[in-house]
Amino acid sequence: MRARGTFEQELTDLQQDILRLASLTEETIYGAVQFLLQQDVAGANQIISGDVLIDKLAQEIEDKCVKLIATQQPIAYDLRLAITSLKFLVSLERMADYAVNIARATLYIYGYPLNRQLMEYTSKMSRVVQQMIKEALDAYVYNDAQRAREMCSLDDEVDFISAKIFQEAVRAMREKTQPQIVIPAVYFLLISRYLERIADHATNIGEEVIFLITGEKRELN
Amino acid sequence: MIKNNIWRAIINYFFILLIFLAILQFYFFYYLNLGWALLTSFIFALGLGWILFKQVISPLKKMNMVTKAIGQGNLNQELPFYGQKEISQLAQNINDLVRQQKKVLAQITAEKNRIQTILNSMMEGVIALDKQGNILLLNSAVENFLGIAQEAYLGKNILSLIRNYDLERAVKRVLKSEKPITQELQLIYPEPSFYYLKATPLKNQEQEKEGIVILLRNITKEKRLDQMRTEFVANISHELRTPLTSISGFLETLRDGAIDDPAATHRILEIMSKETGRLAKLINDLLHLSKIEERRVVHRWQLVQLKEIINQVAAMFQPQAQQKSLSLTVEMPVELPCVSGDPDLLAQVLTNLVDNAIKYTPPDGHVLIRATTDKDNVQVEVKDTGIGIPPEDLPRVFERFYRVEKARARELGGIGVGLAIVKHIIKAHGGSIKAESIPHQGSAFKVTLPTEKIETEE
């Protein structure tokens, strides 16, 4: 009975660990985009150095998770919880890495003239992406498969804005009057790519939440 | 009491004994045969049993049921009184107990409701957590801050409610150290906002740690104002310095000999006077704003012909518009009703609006002043084909020191008080102002003022 009790506790702890990592990832992504839009180099540097903590936390949770599977041999929902936790870890950590890439791009484009339109699109895209992450994690917190299913419709919007950024960047680069716009435009293209990847990972988390709750694998996009 | 009971028991005992002896007597003296004797005692036994059942067992059964229900929390139960004295007393005691319980419960509920009401009327968010960091209670301010319903979160971990690393760490730290801490917190959802957080350990009567209470105060507005103030100081220094630099530069030129050249002196004085004017205007604007905000402006309250004011302002800006090759047109009906107010202040409103319109409209654009009227109101609209205002900035343009795009605003001058002045003046006149804008296409500011209804004697 006692063993069961600690096992339950370990599972709850694991879920909390995941949420803790998720909170860090969410903040990192938000910060990275904000500092990009505000051209805040100090903030961007902070984001880059903060990644160490995320990596460390992810490593710790992974060890814990492996130990849990090895010693407790969970089954059914509990096993799914352990497995999805492992997958969340990878996704969350990867998302944070993309955020770091965005922060690095902020450093590279600092001082260049910026295209207002691109900034606006990026801001909009980041809002949608963050909404997706929030929905996916909320679905996890609430154990709400429906929410996870609904969240994926946002992915189309991300793709749409990403296409717009592509068009605008190409248009800006074609303007011969301002050659110094090319470098920031290229970085904005990369940033839109990073955000898109983050959205994909958010979708993955959504899929995993559905798997966790219902036990069925589903491609959401 | 006990004596009384013993006496009753003895009576009962002798009564039953008497009946038994009587039956025995009848049996032995052949008044009854065995069958009859048995039958009689059986009937007596039945009678006794029935009495026992009616008087003791059935009330006990009923009590059993009721006390069980009470134990399960249903206090709306009342026992009837019974014939048997002891049992009826017991029933009464139970009833008293239940009533007492009910009273205490009502008191506690009232107390709890009072505290809940106090908690809910607080501006600050309150969250109580237990030792594990699970939510015990939160007030409606938190629900508002986070856009969630309390029921969904009770008993869940704080991380499920607010996914914030700093907050969770603060909770952990307080639980460990048992010392209160305060810090600032930035939350991303549902809207990016700043909070001032105070976390205090919660202790029970034995001074053991029970959990933690978190107080959250929304300081987003203060933060914003702070930021605006910082920017304001930067802007104002810049704004003040530019004319001053030029004035002191020209003074130097004059002192270095230019004063002997009448033509140059004249030109330099002209520039210096213009720069001084700029400085004066800036300082006036600032003073004006602070006066209006402190409501120290003495309103020369009178009937105002808006028509005249509009024409005046339009005439005043015509040269400036032509310089930028903008067309400045006025559209208004022949008859425009009077409003009551201060003509200078209303002229200031229009001046600020038209000045902005001209400032933010690129060459070859149009600025339109249009006045319309309905039964109760006069509407004055200043519309331009300028660069417009992004939708996210639109709600904030009337805040003082707020500027949509810092770099560009500095280039064009201005410190971000024009629209704040406008809003205050319109408010003082009982009117309203609305801004509409489409980026890159233009903005429109609509002022609505109530008309003064007077019967002219003419």
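- Residue N157(B) comes nearest to Q16(A) through the heavy atom pair ND2-NE2, 2.8 Å, listed as atom of the first residue, atom of the second, then distance.
- Heavy atoms closer than 4.5 Å to chain A are found in the side chain of I188(B), but not in its backbone.
- Heavy atoms from other residues, nucleotides or ligands lying under 6.0 Å from CZ of F211(A) number more than 12.
- In this structure, OG on S23(A) lies 11.0 Å from CD1 on I162(B), to the nearest 0.5 angstrom.
- When the shell of 6.0 Å around NZ of K198(B) is examined, it contains 12 or fewer heavy atoms from other residues, nucleotides or ligands.
- The shortest side-chain heavy-atom distance between V141(A) and R163(B) falls under the 4.5 Å cut-off.
- The nearest pair of heavy atoms linking Y142(A) to K156(B) is CA-NZ, 4.1 Å.
- Rounding to the nearest 0.5 angstrom, the gap separating the CG atom in L19(A) from the CG atom in L161(B) is 11.5 Å.
- Proximity to chain B is limited to the side chain of L53(A), based on heavy atoms less than 4.5 angstrom apart.
- Heavy-atom neighbours of E191(B) CD from other residues, nucleotides or ligands within 6.0 Å: at or below the threshold of 12.
- No side-chain heavy atom of Q130(A) sits under 4.5 Å from any side-chain heavy atom of P192(B).
- Heavy atoms of other residues, nucleotides or ligands lying less than 6.0 angstrom from CZ of F160(A) number 12 at most.
- Neither the backbone nor the side chain of Y140(A) comes within less than 4.5 Å of any heavy atom in chain B.
- When heavy atoms are compared at a cutoff of 4.5 Å, L137(A) approaches chain B by way of both its backbone and its side chain.
- Q186(B) has its side chain out of reach of E27(A): every pair of non-hydrogen atoms, C-beta onward, lies at least 4.5 Å apart.
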